Amino acid sequence: MAAGGLSRSERKAAERVRRLREEQQRERLRQVSRILRKAAAERSAEEGRLLAESADLVTELQGRSRRREGLKRRQEEVCDDPEELRGKVRELASAVRNAKYLVVYTGAGISTAASIPDYRGPNGVWTLLQKGRSVSAADLSEAEPTLTHMSITRLHEQKLVRHVVSQNCDGLHLRSGLPRTAISELHGNMYIEVCTSCVPNREYVRVFDVTERTALHRHQTGRTCHKCGTQLRDTIVHFGERGTLGQPLNWEAATEAASRADTILCLGSSLKVLKKYPRLWCMTKPPSRRPKLYIVNLQWTPKDDWAALKLHGKCDDVMRLLMAELGLEIPAYSRWQDPIFSLATPLRAGEEGSHSRKSLCRSREEAPPGDRGGPLSSAPILGGWFGRGCTKRTKRKKVT
């Protein structure tokens, strides 16, 4: 006799009874689910009795259905009517003019026009992976700052925008001409590697993606510091990591900007990550003293209910209208004026083979032979911050 008072055969019998009840419950759930999918007029009297006897299951299934529909609606992209959008942009322009301290938060949505996929859009990385579809990425070295990037730079020049807080690792804010002091790249920059042994940390800006060999909790790039010889590391903050570098994350400036802001403009971000950073939302202040929030995004965000205004439109479309309303010209991007080339540290002799990524060039004539391809490539990128992100949610097949 076992310590619990039941013999082995009795425990087995009790387990069989438990499993039988669970299977009966699952079968009842399937039956009720099939009946609920029918129109009320098409249900038989017997099916009606089964629903009446299974009120708890009906309530549970209807709740599940409502939650699924709610999640589906949140993933849908909604576009405001053109006239409605223009009216909202006029309201946004007034807020920009009257703001005493405007801070801009940006997400992947501002870079989709540069052929860099977002994450949670209909064709975003996470969305496709959840559907079991493969993900390929454009060659990021061919991406250039978008109309939105260039508009933000002009707004900063005009002192209408004080600081930019970005989730993006693509380095396009830096390349648009925005000063380093005016950017907080919270998740790092694909063009920057650092020596953490030097004090202060020594930065190396490159003209190629430095993250080819790096991944979650593995950040060494394979190159060494020119001064102390220590292994360099990338600046990317992967999911599940905490960013500790001073630059280019620049958390100190982001926190100060958020504390001083009276207006926050969110562009192209689902805010599902940014909402987890209380320092960016002044949550210690009473609601009446928090910054006014303006959101530009095609999909639902968890901050929509807090927003003074939500604009459903593509970032480039909204910014084009906004700049026209403000009477400001949008500067054209020029590779000849791209700051990354003046900031970049050249590789030392012997380091040329330390990466296989395509390097940025001011013109196609500067590109090495065989490296002058025209349109963006859609071949899968296997390494680096973007490639690792693409495989993050890929489920491994079980070996049978």
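Small disclaimer: the values here were computed from a predicted structure and weren't measured. Throughout, residue positions are numbered sequentially from 1 according to the sequence presented.
- What you find for P248 and E203 is that their closest heavy atoms are N-OE2, 3.9 Å.
- The backbone N or O of Q167 lies less than 3.5 Å from a partner atom in the side chain of H187, making a donor-acceptor pair.
- Residues H173 and H149 are in side-chain contact: their nearest non-hydrogen atoms beyond the backbone lie under 4.5 Å apart.
- Atom CG in L36 sits 12.0 Å away from atom CD in Q31 (nearest 0.5 Å).
- Aromatic ring pairs are classed by plane angle as parallel below 30°, tilted from 30° to 60° and perpendicular above 60°; the pair W281 and Y105 is perpendicular.
- Note on L321: it clusters hydrophobically with L160, by side-chain heavy-atom contacts below 4.5 Å among ILVMFWY residues.
- Looking only at side-chain heavy atoms (C-beta outward), H238 and H219 come within less than 4.5 Å of each other.
- Minimum heavy-atom separation, V165 to A254: CG2-CB, 3.9 Å.
- Taking every heavy atom of both residues into account, R175 and P339 meet most closely at O-CD, 3.4 Å.
- For the pair R8 and E15, the salt-bridge criterion is not met [side-chain N within less than 4.0 Å of a carboxylate O].
- Y191 OH to T235 OG1: the interatomic distance, rounded to the nearest 0.5 Å, is 12.0 Å.
- Side-chain N/O atoms of T224 and R348 include a donor and acceptor closer than 3.5 Å.
- A distance-only check finds a donor-acceptor pair linking the side chain of R154 to the backbone of E329 [under 3.5 Å].
- To the nearest 0.5 Å, atom CZ of residue R213 and atom OG1 of residue T221 are 8.0 Å apart.
- A salt bridge is defined here as a Lys NZ or Arg NE, NH1 or NH2 lying under 4.0 Å from an Asp or Glu carboxylate O, and R335 with D338 fails to meet this definition.
- Taking OG1 of T181 as the start and CG of N250 as the end, the distance is 8.0 Å to the nearest 0.5 Å.
- Taking CG of L293 as the start and SG of C266 as the end, the distance is 4.5 Å to the nearest 0.5 Å.
- Under the 4.5 Å side-chain heavy-atom criterion for ILVMFWY residues, no single connected hydrophobic cluster contains both V78 and I110.
- No chain of hydrophobic side-chain contacts below 4.5 Å, direct or via other Ile, Leu, Val, Met, Phe, Trp or Tyr residues, connects L20 to L57.
- Contact check on R49 versus E53 returns no salt bridge, with no Lys/Arg side-chain nitrogen under 4.0 Å from an Asp/Glu carboxylate oxygen.
- A donor-acceptor contact shorter than 3.5 Å is absent between the side chain of R279 and the backbone of A258.
- Between the side chain of K272 and the backbone N or O of P302 there is no donor-acceptor pair closer than 3.5 Å.
- S184 places no side-chain N or O within 3.5 Å of a backbone atom of L186 that could act as its donor or acceptor partner.
- Cluster annotation: V199 and L249 are assigned to distinct hydrophobic clusters (Ile/Leu/Val/Met/Phe/Trp/Tyr, side-chain heavy-atom contacts under 4.5 Å, transitive).
- The 12-atom threshold is exceeded at CZ of R30, counting heavy atoms of other residues, nucleotides or ligands nearer than 6.0 Å.
- The CD atom of Q247 sits 5.5 Å away from atom CZ of R180, with the distance rounded to the nearest 0.5 Å.
- For the side chain to side chain donor-acceptor pair (under 3.5 Å) criterion with R223, the lone passing option out of E193, Q231, H355 is E193.
- Considering every non-hydrogen atom in both I192 and V210, the closest pair reads O-CG2, 3.6 Å.
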I'd like to know whether I295 forms a side-chain contact (heavy atoms from CB on, under 4.5 Å) with K303, so could you lay out the CA-CA distance, the side-chain angles of the two residues, the decisive distance to 0.1 Å, and finally the verdict.
CA-CA 8 Å; I295 299 174; K303 290 289 185 179; 4.0 Å; yes

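- R206 is not listed as a side-chain neighbour of R357, based on a closest heavy-atom distance of 4.5 Å or more.
- Of all the heavy atoms in S176 and T153, the pair that sits closest is OG-OG1, 2.8 Å.
- Within the 3.5 Å criterion, the main-chain N or O of L29 finds no donor-acceptor partner in the side chain of S33.
- Side-chain contact between R43 and L51 is present, with at least one heavy-atom pair separated by less than 4.5 Å.
- Side-chain polar atoms of Q299 and S270 form no donor-acceptor pair below 3.5 angstrom.
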For a salt bridge (Lys or Arg N to Asp or Glu O under 4.0 Å) check, start with the C-alpha distance between K310 and E84, then their side-chain angles and the critical distance, and finish with the verdict.
CA-CA 11 Å; K310 171 71 179 292; E84 180 184 6; over 6 Å; no

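- Each of L174, D170, N168 was checked for a side-chain contact (heavy atoms from CB on, under 4.5 Å) with L172, and the lone residue meeting it is D170.
- Annotation: side chain of M319 is not in contact with side chain of I330 (no heavy-atom distance under 4.5 Å).
- I152 and L92 fall within the same hydrophobic cluster, defined by Ile, Leu, Val, Met, Phe, Trp and Tyr side-chain heavy atoms under 4.5 Å apart, directly or through other members.
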How far apart are the C-alpha atoms of M150 and M323, what are their side-chain angles, what is the distance that settles it, and do they pass the side-chain contact (heavy atoms from CB on, under 4.5 Å) test?
CA-CA 11 Å; M150 302 309 296; M323 296 298 279; over 6 Å; no

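- Using a distance-only test at 3.5 Å, with no hydrogens or angles considered, no donor-acceptor pair links the side chain of Y294 to the main chain of V96.
- Residues C228 and C195 have side chains in contact (heavy-atom distance under 4.5 Å, counting atoms from C-beta outward).
- Around atom NZ of K12, no more than 12 heavy atoms belonging to other residues, nucleotides or ligands sit under 6.0 Å away.
- A donor-acceptor contact under 3.5 angstrom links the side chains of T301 and D304, judged on distance only.
- Under the 4.0 Å criterion applied to side-chain N and carboxylate O atoms, E22 and R19 are not assigned as salt-bridge partners.
- Looking only at distances, no side-chain donor or acceptor of S94 sits under 3.5 Å from a matching main-chain atom of E91.
- Contact record, L298 with H312: O-CD2, 4.0 Å, taken as the closest heavy-atom pair.
- Within the cation-pi definition used here (under 6.0 Å to the ring centroid, within 45° of the axis), K275 does not qualify as a partner of W306.
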S269/N297 under side-chain contact (heavy atoms from CB on, under 4.5 Å): CA gap, chis, key distance, verdict
CA-CA 7 Å; S269 173; N297 205 54; 5.6 Å; no

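- Counting heavy atoms from C-beta on, the side chains of L280 and W251 come closer than 4.5 Å.
- Formation of a donor-acceptor pair under 3.5 Å by the T230 side chain with backbone atoms of C225 is not found in this model.
- Electrostatic pairing of R34 and E27 counts as a salt bridge here, judged by a charged N lying under 4.0 Å from a carboxylate O.
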Step-by-step side-chain contact (heavy atoms from CB on, under 4.5 Å) determination, R260 to H163
CA-CA 10 Å; R260 298 178 63 184; H163 198 76; over 6 Å; no

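- Between D234 and the options L245, T214, V194, a side-chain contact (heavy atoms from CB on, under 4.5 Å) holds for only T214.
- A distance-only check finds no donor-acceptor pair linking the side chain of E241 to the backbone of L216 [under 3.5 Å].
- Using a 4.5 Å heavy-atom cutoff, the side chains of P291 and V103 are not in contact.
- Environment of CG in D81: crowded, with over 12 heavy atoms of neighbouring residues, nucleotides or ligands closer than 6.0 Å.
- Counting only N and O atoms by type, the side chains of R233 and T196 include no donor and acceptor under 3.5 Å apart.
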